[in-house]
Amino acid sequence: MGFFPDNAEYGLRLANAQTRGGKAKDALGTIAALRLLPPPQSDDPRITLQESRTRTALGDSKGQLAAAETAANQAATQGSRFVEASAKLSAGSADFNLGENEKALAAWEQSRQIWASAGYSGEVAKTVNNTGLILYQMGNLPEARKHYEEALSIWRTTGNKAGEGTALANLANLQTDEGDLAGAKQMFLDVLAISRELGGTDALMLVELSDVQIGLGDVAGAITNYREAVELARQQNDRRTLATAQAHISRAFYLHGDLRSAKQSIQEALDITGQTNDKTHAARTMANLGEVLMAEGDLPQARKNLEGALKTRTEIGETSNATGTRLQLAALSIEEGNAAAAERAAREVRDEYRKEGHPDDEIGADVVLLRALYAENKSAEARKEADNAKLLLAKSQDVLNRLALMIVEAQIQAASGKQDEALRNLSIATRDAARSGFVPELFEARLAHAEILLASGKIAGARTELAVLRKDAADRGFGLIAQKATALTSKGRPPAR
């Protein structure tokens, strides 16, 4: 049974409460009823502005944008400057989610000017913070930091705790990029404390905290927090946040060796982003799917998804994310037998990360470069690059990077005649990967260990390790590792008579 509000003020309060209470579809019914009121109440631009906010909650970016632009035009015609500014803010957010960064920046600047002229510093802070988000995605970290810090200062001055939490979370993301994972983790915990102080838990902050936990080597703890974020988003009927949480947890599942759950989360995220036109998270999810498909051994489909993710990220101006996808494609090239192309791409990516000040990402590029050099039998050059990477790693807190670099460095050591040292390092990497829960690195370390045993003439031991590894990898769906173990086993067989 529907409810028909008899005045705009009460109806708007009801629609807002329904939207915030996870009943956005009911709110659309209330909004439709408000439009049946006699003029001038039915012409109130706040009705259309509320529709924009309600469609935001539903993850309907195109609907949000259409309603926001209509509300802005209505408000401008009627001289309702504050409604116009709010509508421009909503329109910019929709443009941002649709990958229209230039349009988003223009809409937010128009909103900022209106609020600034009226002295509403808190609303100015929203536009400044949002502009920082786009600068961050474009890879301009210094300017993004300036915007976040300006927004934080305004919100703290005005006592806006929710705004303070938003700016702190964005600054925590910058700390993550700069390699200060422990500092970022504490900042995210501070943000969560603020959100709980305000009466709830921010699902997106749980996602961000979990991302940092992955870097620090706590995969199981990250999955626990990701799952809480997924459930919160479901309870709140927040589809965009749900897609975000599923996209992020899918990679955690992959790292934990659960490819089935990873693909289930990926599919739900793709279903939602296909409906909401959220290009940012659609691209992230495609990239994650490419990584899973590569692990399964389906290299053609892996390339298709990674190239699709790269195309989208390039189109919407996500410079840093596009660079990361190029590195994933370089890693794929090694598996496809084109190590020379992988070497060129990894060097380009590493130089870009170095220029942008992303030390952990730079180490990730070094790892792919070293794998390419090892595949090309360029041992001397690989040793030199490994020494340089270790200097950078000494300042890093990223456990995954440390494991990946340790594994490929051991392969390079063995190729240089230091088999015993290499085997010791791989035993440490195997132990630490198992403790942290990084299953792909665990399998890679075991494969490298068996490969070195085989090259050292310890064929029986190598074949025993490879048989166990092949079964473990196949049982978890890691077809590529299983294929490599099978190929190495064949190398160790005595010649046919």
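Here the structure is a predicted model, which means the values were calculated and not measured.
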Distance-minimising heavy-atom pair for [X] and [Y]:
X	Y	answer
Val368	Ala330	CG1-CB, 4.0 Å
Ala322	Leu310	O-CD1, 3.5 Å
Pro45	Ala75	CB-N, 3.9 Å
Met286	Ala309	CE-N, 3.6 Å
Leu141	Tyr136	CD2-CD1, 3.7 Å
Val207	Ala229	CG2-CB, 3.8 Å

Just verifying a value: how many Å separate [X] [atom1] and [Y] [atom2], rounded to the nearest 0.5 Å?
X	Y	atom1	atom2	answer
Ser117	Arg81	OG	CZ	6.0 Å
Asn140	Arg145	CG	CZ	12.5 Å
Arg313	Thr280	CZ	OG1	8.5 Å
Gln137	Thr319	CD	OG1	9.0 Å
Leu189	Met187	CG	CE	11.0 Å
Arg344	Asn338	CZ	CG	6.5 Å

Okay, side chain of [X], backbone of [Y]: is any donor-acceptor separation there less than 3.5 Å?
X	Y	result
Gln78	Asp43	yes
Thr127	Val124	yes
Gln397	Ala182	yes
Ser195	Leu192	yes
Ser250	Ala247	yes
Asn97	Ser93	yes
Ser436	Ala433	no
His281	Thr244	no
Thr158	Trp155	yes
Gln41	Ala8	yes

Considering only NZ, NE, NH1 and NH2 on the basic side and carboxylate oxygens on the acidic side, decide whether [X] and [Y] come within less than 4.0 Å.
X	Y	value
Glu307	Lys311	no
Glu84	Lys88	no
Glu444	Arg371	no
Glu318	Arg284	no
Lys395	Glu178	no

Practice task
Verify side chain to side chain contact (heavy atoms under 4.5 Å, CB included) between Gln264 and Phe253, making sure each step is shown before the conclusion.
Solution key: CA-CA 10 Å; Gln264 287 176 343; Phe253 282 137; over 6 Å; no
Handout entry: Positive for side chain to side chain contact (heavy atoms under 4.5 Å, CB included) with Arg350, one of Arg354, Glu352, Glu348
Key =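 Testing Arg350 for a side chain to side chain contact (heavy atoms under 4.5 Å, CB included) against Arg354, Glu352, Glu348 leaves exactly one candidate, Arg354.
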Exercise for the section: Classify the angle between the aromatic ring planes of Phe82 and Trp115 as parallel (below 30°), tilted (30 to 60°) or perpendicular (above 60°). Expected result: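 If you compare the ring of Phe82 with that of Trp115, the planes turn out parallel.
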Hydrogens and angles aside, do [X] and [Y] bring a side-chain donor and acceptor to less than 3.5 Å of each other?
X	Y	value
Asn173	Tyr148	no
Asn73	Glu69	no
Gln235	Glu231	no
Gln74	Thr48	yes
Thr54	Gln50	yes
Ser396	Asn401	no
Asp190	Gln186	yes
Ser61	Thr276	no
Ser90	Ser52	yes

Exercise for the section: Assess whether side chain to side chain donor-acceptor pair (under 3.5 Å) is satisfied between Gln267 and Asp271, documenting all intermediate values. Expected result: CA-CA 6 Å; Gln267 189 57 58; Asp271 289 344; 2.9 Å; yes
Problem - Arg303 vs Ser333, side chain to side chain contact (heavy atoms under 4.5 Å, CB included): CA-CA, chis, key distance, verdict - result: CA-CA 9 Å; Arg303 175 164 290 279; Ser333 292; 3.3 Å; yes
Handout entry: Test side chain to side chain contact (heavy atoms under 4.5 Å, CB included) applied to Tyr226 and Asp211, step by step
Key = CA-CA 9 Å; Tyr226 281 133; Asp211 289 347; 2.4 Å; yes
Would you mind reporting whether [Y] and [X] have side-chain heavy atoms less than 4.5 Å apart?
X	Y	answer
Leu480	Glu296	no
Leu28	Leu58	yes
Leu181	Thr176	yes
Asp238	Leu242	no
Val292	Ile266	yes
Leu168	Arg156	yes

Problem - Chi angles and distances behind the side chain to side chain contact (heavy atoms under 4.5 Å, CB included) call for Leu105, Asn130 - result: CA-CA 8 Å; Leu105 288 171; Asn130 288 356; over 6 Å; no
Problem - Heavy atoms from other residues, nucleotides or ligands near CZ of Arg35 exceed 12 (cutoff 6.0 Å) - result: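 More than 12 heavy atoms, drawn from other residues, nucleotides or ligands, come within 6.0 Å of this atom.
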Handout entry: CA sep, side-chain torsions, deciding dist, call: Arg46, Glu9, salt bridge (Lys or Arg N to Asp or Glu O under 4.0 Å)
Key = CA-CA 10 Å; Arg46 292 178 300 166; Glu9 295 298 333; 2.6 Å; yes
